[in-house]
*Asks:* 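A single structure is presented below for examination.
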Amino acid sequence: MPPRAAAGDPATEFHAFFERHFAELSRLAHLLTGEYDGADDLAADALLALWHRWDRVRAADHPAAYARGVVANLARSHIRSSVRERRRVTLFWSTRGEETQDPDVPAVIDVQEALRRLPFRKRACVVLRHAFDLSEKDTANALGISVGTVKSQTSKGMAELQRQLGSHAMSERMHVAAVQARGGTA
């Protein structure tokens with residue numbers, strides 16, 4: 001049986017950090033990208049990047065906020081890549097001369113659909129503030145922006161969600177989405 005690693009061992013500390021934060025980072029990736037399938041992969045990629053810089057991360061004041069920032073950046077890159085890929089596919093099919101009709105837009109839009117319509121920064125601010133209950137300061141740290149920008153983007157994002165979802169149903173839907181994002185049941 002191999003000897004146990006010391007409490008100050010970087011590998012042991014990282015393993016504990018991984019166990020504590022993987023599920024949260026995966027939920028964040030899901031809410032930012034709107035994709036279930038790639039959320040675990042994005043969280044794992046973020047944690048791999050953190051492991052490569054573990055000495056710097058473990059010395060940070062808020063390693064979890066640092067990790068959220070890495071997930072947000074990876075999600076942003078993923079979304080940009082997906083948009084480029086969709087454009088390539090659209091261009092390919094448009095050159096083939098086949099026309100397609102857009103599907104009917106459903107009358108009821110759920111929170112995830114509405115979140116996907118928000119620009120990334122607004123979506124990230126709304127998700128971190130309301131689904132993850134982060135303070136404005138922690139949200140600013142995670143995204144690498146000012147507290148004022150967090151306030152502005154959160155306010156504008158919530159206003160857009162209200163327009164999309166209707167103010168009456170929105171508060172209940174946001175509550176359900178926030179509880180689900182934390183891994184609970186509504």
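Everything quoted here is computed from the prediction, not taken from an experiment. Throughout, numbering of the chain's residues begins at 1 and tracks the sequence.
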*Asks:* Provide the closest heavy-atom pair for Leu118 versus Arg123 in the form atom of the first, atom of the second, distance.
*Replies:*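 Looks like O-NH2, 3.0 Å.
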
*Asks:* Give the table of side-chain donor-acceptor pairs shorter than 3.5 Å for residues 34-41, with sequence neighbours excluded, one pair per line with atom names and distance.
*Replies:*
residue	atom	partner	partner atom	Å
Glu35	OE1	His78	NE2	2.9
Glu35	OE2	His78	NE2	3.4
Asp40	OD1	Ser26	OG	2.4

*Asks:* Identify all side-chain donor-acceptor contacts of residues 148-158 below 3.5 Å with residues at least two apart in sequence or on another chain.
*Replies:*
residue	atom	partner	partner atom	Å
Thr149	OG1	Ser146	OG	2.9
Thr154	OG1	Val150	O	2.7

*Asks:* Compare every heavy atom of Phe22 with every heavy atom of Ala44, then report the nearest pair and how far apart it is.
*Replies:*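 Closest approach of Ala44 to Phe22: N-CE1, 3.8 Å.
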
*Asks:* Identify, with sequence neighbours excluded, every residue that meets side chain to side chain contact (heavy atoms under 4.5 Å, CB included) alongside Arg53.
*Replies:*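 Counting only residues at least two positions away or on another chain, Arg53 forms a side chain to side chain contact (heavy atoms under 4.5 Å, CB included) with Ala49, Arg56, Val57, Tyr66, Val70.
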
*Asks:* Which heavy-atom pair separates Leu25 from Ala43 by the least distance, and what is that distance?
*Replies:*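 Of all heavy-atom pairs spanning Leu25 and Ala43, the closest is C-CB, 3.9 Å.
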
*Asks:* What I'd like to find out is whether the side chain of Leu128 reaches to under 4.5 Å of the side chain of Asp138, using heavy atoms alone.
*Replies:*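 Counting from C-beta outward, Leu128 and Asp138 never come under 4.5 Å.
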
*Asks:* Evaluate side-chain contact (heavy atoms from CB on, under 4.5 Å) for Arg76 paired with Val71, printing each intermediate quantity in order.
*Replies:* CA-CA 8 Å; Arg76 182 181 304 119; Val71 169; over 6 Å; no

*Asks:* Looking only at heavy atoms, which two atoms of Ala72 and Leu32 are closest? And how far apart?
*Replies:*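 Where Ala72 meets Leu32 most closely, the heavy atoms are CA-CD1, 3.9 Å.
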
*Asks:* With salt bridge (Lys or Arg N to Asp or Glu O under 4.0 Å) as the rule and sequence neighbours excluded, what pairs involving residues 43-52 come up?
*Replies:*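 Applying salt bridge (Lys or Arg N to Asp or Glu O under 4.0 Å) to every pair that reaches into residues 43-52, excluding sequence neighbours, yields nothing.
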
*Asks:* Taking only residues two or more places apart in sequence or in another chain, which ones pass salt bridge (charged side-chain N to carboxylate O under 4.0 Å, His left out) with Arg68?
*Replies:*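 Applying salt bridge (charged side-chain N to carboxylate O under 4.0 Å, His left out) to Arg68 gives Glu24.
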
*Asks:* Classify the ring geometry of Phe14 against Phe18: parallel below 30°, tilted from 30° to 60°, perpendicular beyond 60°.
*Replies:*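 Taking Phe18 first and then Phe14, their aromatic rings sit tilted (interplane angle of 30° to 60°).
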
*Asks:* Just verifying a value: how many Å separate Ser135 OG and Asn141 CG, rounded to the nearest 0.5 Å?
*Replies:*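 The CG atom of Asn141 is 7.5 Å from OG of Ser135, to the nearest 0.5 Å.
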
*Asks:* Taking atom CD1 of Ile145 and atom CD of Glu136, what is their separation to the nearest 0.5 Å?
*Replies:*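 These two atoms lie 10.5 Å from each other.
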
*Asks:* Do Leu31 and Phe132 have side chains that get closer than 4.5 Å, going by heavy atoms?
*Replies:*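 Counting from C-beta outward, Leu31 and Phe132 do come under 4.5 Å.
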
*Asks:* Which residues pass the ring-ring contact (aromatic ring centres under 6.0 Å, His included) test with Phe17, not counting sequence neighbours?
*Replies:*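 Counting only residues at least two positions away or on another chain, Phe17 forms a ring-ring contact (aromatic ring centres under 6.0 Å, His included) with His21, Trp54.
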
*Asks:* Quick check for you: to the nearest 0.5 Å, what is the distance between Arg163 atom CZ and Leu161 atom CG?
*Replies:*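 Arg163 CZ to Leu161 CG: 9.0 Å, rounded to 0.5 Å.
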
*Asks:* Could you tell me the separation between the CG atom of Leu74 and the CG atom of Leu28, rounded to the nearest 0.5 Å?
*Replies:*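 Going from the CG atom of Leu74 to the CG atom of Leu28 covers 10.5 Å.
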
*Asks:* Nearest heavy-atom pair of Arg58 and Pro10: which atoms, and what distance?
*Replies:*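 Nearest heavy atoms, Arg58 then Pro10: NH1-CG, 3.3 Å.
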
*Asks:* If you count heavy atoms of other groups shown closer than 6.0 angstrom to CZ of Arg121, is the number above 12?
*Replies:*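 Atom CZ in Arg121 is not packed in, count stays at 12 or less.
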
